[in-house]
Amino acid sequence: MPKGADLHYHLSGGAYAESFIRAAVEDGLCVDVKQLAFTKCPAGGDGDKTIVPASDAYKSQALYDQLINAFSMRSFVPYAGVSGHDHFFDTLENSEEQTRRTSRNGWMKSPRARGAK
């Protein structure tokens with residue numbers, strides 16, 4: 001029996017939130033700013049201001065921070081009706097959904113495969 005280690009592992013839950021943003025930008029996805037989720041960009045720019053290019057996260061510190069907080073436990077403070085446990089599992093579910101939306105699901109498997117030194 002392993003001691004001091006994960007007994008099971010969700011690959012998408014182990015990726016840094018910053019990696020999801022990078023993958024979305026590289027895949028040309030957009031961000032639904034109401035849901036704080038990546039989505040395909042609307043054809044022809046339908047004028048919906050709640051859907052912005054994922055690359056806008058690199059231009060807007062507020063959007064970047066909101067995405068990081070949505071995909072991680074960073075800055076989370078429990079409040080009435082939402083515990084740390086609830087938020088943790090919400091971020092895991094969100095991470096798994098965002099993984100399905102990127103075209104390169106294998107990017108999380110190995111930092112070396114992504115070119116890390």
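A salt bridge is defined here as a Lys NZ or Arg NE, NH1 or NH2 lying under 4.0 Å from an Asp or Glu carboxylate O, and Arg22 with Glu26 meets this definition.
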Ile21/Ile68 under side-chain contact (heavy atoms from CB on, under 4.5 Å): CA gap, chis, key distance, verdict: CA-CA 8 Å; Ile21 296 171; Ile68 297 296; 3.7 Å; yes
Between Leu29 and Thr39, is a side-chain contact (heavy atoms from CB on, under 4.5 Å) present by the stated rule, with each step listed? CA-CA 6 Å; Leu29 294 175; Thr39 186; over 6 Å; no
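Across all their heavy atoms, Phe71 and Ala17 have their closest contact at CB-CB, 3.6 Å. Considering all non-hydrogen atoms of both residues, Val31 and Ala54 come closest at CG2-CA, 3.7 Å. The shortest heavy-atom contact between Leu67 and Phe38 is CD1-CE2, 4.3 Å. Among all heavy-atom pairs drawn from Cys30 and Pro42, the shortest one is SG-CD, 4.3 Å.
Taken from CG in Asn69 to OH in Tyr64, the straight-line distance is 11.0 Å, to the nearest 0.5 Å.
Scanning for side chain to side chain contact (heavy atoms under 4.5 Å, CB included) contacts around Thr50 gives Val33, Lys34, Asp48, with sequence neighbours left out. Residues satisfying the side chain to side chain donor-acceptor pair (under 3.5 Å) criterion with Ser83, sequence neighbours excluded, are Asp86. Pro53 meets the side chain to side chain contact (heavy atoms under 4.5 Å, CB included) test with Ser55, Asp56; sequence neighbours excluded. Residues that satisfy the salt bridge (Lys or Arg N to Asp or Glu O under 4.0 Å) test with Asp65, not counting sequence neighbours, are Arg74.
For the pair Tyr58 and Leu63, the minimum side-chain heavy-atom distance is 4.5 Å or more.
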